[in-house]
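Reviewing the structure listed below.
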Amino acid sequence: MQLTMKSRQLEEGRHTALRKLPIFIGILILIFFFLLPIVRLICMSFTSGESISMSAYSEVLKESVTWKTLWNTIYIVLGSTLLSMILGITMAAIMAYMDVRGKAVMQLFVYLPFIIPSYITTLAWVQFFSNSGPLGALPDWLVPNLYSVGGIIFVLGISHYPLVYLMTVQVFRRIPRDAELAAMVSGASRFTSWRKVILPMALPGICSGGLLAFLSNLDNFGVPAFLGIPANIRVLSTYIYEQVIGYGPSAFSRAAVLSVLLGIIAVAATLIQVWLLRKSKVTETTVPDNKPRIQLRSSQRRILQAVLWIFLLGTSLVPLLAMGTVSLVQAYGIDLTWENFSLGNYRYILFEDEKVIRSLSNSLILGLITAIVCLVFGTIFAYYRSHKQGRFPKIMEAIITMPYALPGTVLALCIILMWMQPFPGWYPGVYGTPAILLIAYITRFFVLQFRGSYTAFTQLDVRMEEAARTNGANLFTRWRQILLPLIMPGVLSGALLVFLTSLTELTVSSMLWSSGAETVGVIIFSFEQAGYSTYSTAFSTLIVLAILLGGTAYLFVQRKGRQRRRRA
């Protein structure tokens with residue numbers, strides 16, 4: 001009898017161990033791919049030769065160029081974040097509270113500067129203000145110089161204000177209408193009620209949007225590289241890039257120190273956001289109220305709508321049209337006339353330069369593989385996270401979030417240091433190959449898929465799966481017949497976001513690409529750095545058209561799917 005009991009206990013222990021084995025393997029994979037590279041970077045910053053040393057910090061922090069770069073970074077990031085917040089909050093308030101017509105179309109134009117990669121947006125603005133652009137006939141003193149600190153702040157602020165808008169507009173709509181009315185009945189003016197009631201209650205959304213804009217501006221490599229490098233204006237992201245591509249005996253140690261400084265700024269911004277939210281008195285909000293709260297007179301509405309359309313078209317569509325115009329001239333700097341009109345730039349990039357076709361192929365393959373891997377494993381982890389509570393799943397979630405929260409140049413350096421020699425004596429040979437780009441993309445964008453899938457799972461009623469389990473359905477059957485049909489829209493949205501982000505990525509790719517492993521962003525950056533602006537604009541125009549067509553097709557399919565579900 002005792003032997004039978006012991007054998008049962010051993011059998012149960014075996015089954016428990018087998019059930020926990022996938023979780024244990026998953027933990028090891030998360031630590032190896034997501035956490036260990038960051039640890040290696042921090043260790044590298046304290047390494048000199050074979051010994052632990054602070055010499056790299058001492059050397060870097062003694063140089064005046066480091067402090068100038070640091071202050072440039074802080075000044076540019078704060079300035080562009082302030083611009084993003086002013087534009088984003090203003091636009092969110094108008095769209096949430098005022099009876100403006102055509103809001104749905106306006107919202108598409110709000111998102112356009114964020115959907116288009118920032119380095120392409122930069123090219124569009126450069127061409128807009130160039131001699132062959134719409135403002136080419138104006139005197140030089142009236143045309144702003146984008147190759148300056150102010151120009152970088154302007155382009156970054158315009159590129160990332162949709163983040164603030166996205167995080168703020170729904171918060172405004174959820175603030176109870178009664179709270180504002182009560183303040184005004186008590187004698188407060190509309191401005192006072194906004195300052196003392198609306199803005200404090202909207203602080204969570206404002207802080208979240210401001211932090212996203214801050215981290216995006218801090219992380220951005222394309223805008224400072226396109227506008228800052230020609231003008232000798234360094235920020236930390238471009239300075240790290242210069243250190244890594246310059247090689248030298250202490251290049252990686254110096255870049256690691258600069259990366260730690262960049263990471264400290266990002267962490268400090270996050271802590272400030274947490275402190276602001278704790279200090280604020282936030283009231284629970286209601287369901288979204290989409291009805292306008294401020295009724296405008298017809299003349300006021302027409303003026304406001306005209307101002308909004310001028311702003312939206314001027315910050316999204318017009319620069320892109322200017323870029324497309326430059327791509328159709330025979331040489332940079334000449335006017336677009338019938339004599340100068342040419343499709344030669346498109347013929348060159350599509351049929352004559354093999355690097356362009358190779359970069360398109362590389363980016364498509366890397367984007368597809370990244371999206372598929374993230375879709376499968378990100379959805380599995382989201383399922384586990386939605387069914388498990390407690391500290392341990394939250395720690396795992398924090399680990400996969402860290403690579404995306406880090407600036408791209410910092411993550412790229414982490415990947416380099418990790419995969420040149422992951423363990424002593426093991427050289428996998430992925431550095432300098434497309435494989436290291438794939439590893440970096442999966443590590444960085446995994447959390448995007450996880451978020452989309454996790455949101456889809458949290459919207460499901462757990463009782464449906466429990467009922468299926470009670471009726472004898474196994475895990476495969478529950479996924480095939482119940483879970484997948486319901487979560488598919490959220491899962492596919494996450495996969496599409498991962499694919500598009502990977503397709504046009506530049507920050508990580510600029511430090512990890514090698515000959516034969518060029519990507520779309522790298523080729524456009526190379527064309528611009530070499531002075532071939534007509535080629536870079538032609539390639540960028542094709543990418544923008546592809547993104548817009550792909551987005552339109554996705555929205556069309558999504559709409560048709562909703563119509564079929566309604567009929568069913």
What pairs with [X] under salt bridge (Lys or Arg N to Asp or Glu O under 4.0 Å), at least two apart in sequence or on another chain?
X	result
E505	none
R444	D219
R385	E397
R301	D99

Between T370 and F499, does the side-chain contact (heavy atoms from CB on, under 4.5 Å) criterion hold? Intermediate values first, please. CA-CA 7 Å; T370 302; F499 174 73; over 6 Å; no
Do [X] and [Y] get their side chains close enough for a donor-acceptor pair, meaning under 3.5 Å?
X	Y	result
E528	S536	yes
N217	S80	yes
S327	T537	no
Y57	S45	yes

Within the structure provided, determine whether [X] and [Y] are in side-chain contact (heavy-atom separation under 4.5 Å).
X	Y	result
I206	I89	yes
T401	R451	yes
S216	L163	yes
L212	M167	yes
F214	L78	yes
E63	T66	yes
I94	L304	yes
I416	L512	yes

Dump the intermediate steps for side-chain contact (heavy atoms from CB on, under 4.5 Å) on V235 and Y239, then the final yes or no. CA-CA 6 Å; V235 295; Y239 196 33; over 6 Å; no
On a heavy-atom basis, which atom in [X] and which in [Y] lie closest, and how many Å separate them?
X	Y	value
L41	S259	CD2-CB, 3.9 Å
S159	P162	O-CD, 3.6 Å
S509	Y441	OG-OH, 2.5 Å
M323	S540	SD-CB, 3.7 Å
G210	T81	O-CG2, 3.7 Å
L438	I369	CD1-CG2, 3.6 Å

Between F446 and F377 (judged by ring centroids, cut-off 6.0 Å), do the two rings come close enough to count as a pair? no
Quick one: are the ring centres of F172 and Y97 less than 6.0 Å apart?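 Yes - the distance between ring centres of F172 and Y97 falls below the 6.0 Å cut-off.
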Rounded distance [0.5 Å steps], CE in M98 versus NZ in K103: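 If we round to the nearest 0.5 Å, M98:CE and K103:NZ are 9.5 Å apart.
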Got a donor-acceptor contact below 3.5 angstrom from the [X] side chain to the [Y] backbone?
X	Y	result
R173	A96	no
Q127	A322	no
S453	G378	no
T238	R234	no
W67	L61	yes
N362	E518	yes

Between Y161 and F311, does a ring-ring contact (aromatic ring centres under 6.0 Å, His included) hold up when you go through it step by step? CA-CA 13 Å; Y161 90 87; F311 171 76; 5.7 Å; yes
Working for salt bridge (charged side-chain N to carboxylate O under 4.0 Å, His left out), residues R254 and E242: CA-CA 11 Å; R254 290 173 58 84; E242 290 175 6; over 6 Å; no
Inter- and intrachain pairs under side chain to side chain donor-acceptor pair (under 3.5 Å), touching residues 68-79, at least two apart: none
For W309, look at atom CH2 and say whether over 12 heavy atoms of other residues, nucleotides or ligands are found less than 6.0 Å away. yes
ring-ring contact (aromatic ring centres under 6.0 Å, His included) between F226 and F525, intermediate numbers included: CA-CA 8 Å; F226 276 76; F525 180 54; 5.4 Å; yes
Take L413 and F252, measure what side-chain contact (heavy atoms from CB on, under 4.5 Å) needs, and give me the verdict at the end. CA-CA 8 Å; L413 187 58; F252 284 140; 3.7 Å; yes
What side-chain donor-acceptor pairs closer than 3.5 Å can you find for residues 110-124, not counting sequence neighbours?
residue: S118; atom: OG; partner: N220; partner atom: ND2; Å: 2.8
residue: Y119; atom: OH; partner: T504; partner atom: O; Å: 2.8
residue: T121; atom: OG1; partner: P117; partner atom: O; Å: 3.2
residue: T122; atom: OG1; partner: S118; partner atom: O; Å: 2.7

I74 vs L70, side-chain contact (heavy atoms from CB on, under 4.5 Å): CA-CA, chis, key distance, verdict: CA-CA 6 Å; I74 294 172; L70 185 61; 4.3 Å; yes
Of V491, L496, V498, the residue whose pairing with L375 passes side-chain contact (heavy atoms from CB on, under 4.5 Å): V491
Should the pair F129 and W125 be assigned to parallel (<30°), tilted (30 to 60°) or perpendicular (>60°) ring geometry?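 F129 vs W125 ring planes: parallel.
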Do T507 and Y241 pass the side chain to side chain donor-acceptor pair (under 3.5 Å) test, and can you show the C-alpha distance, the side-chain angles, and the key distance before you say yes or no? CA-CA 9 Å; T507 307; Y241 168 78; over 6 Å; no
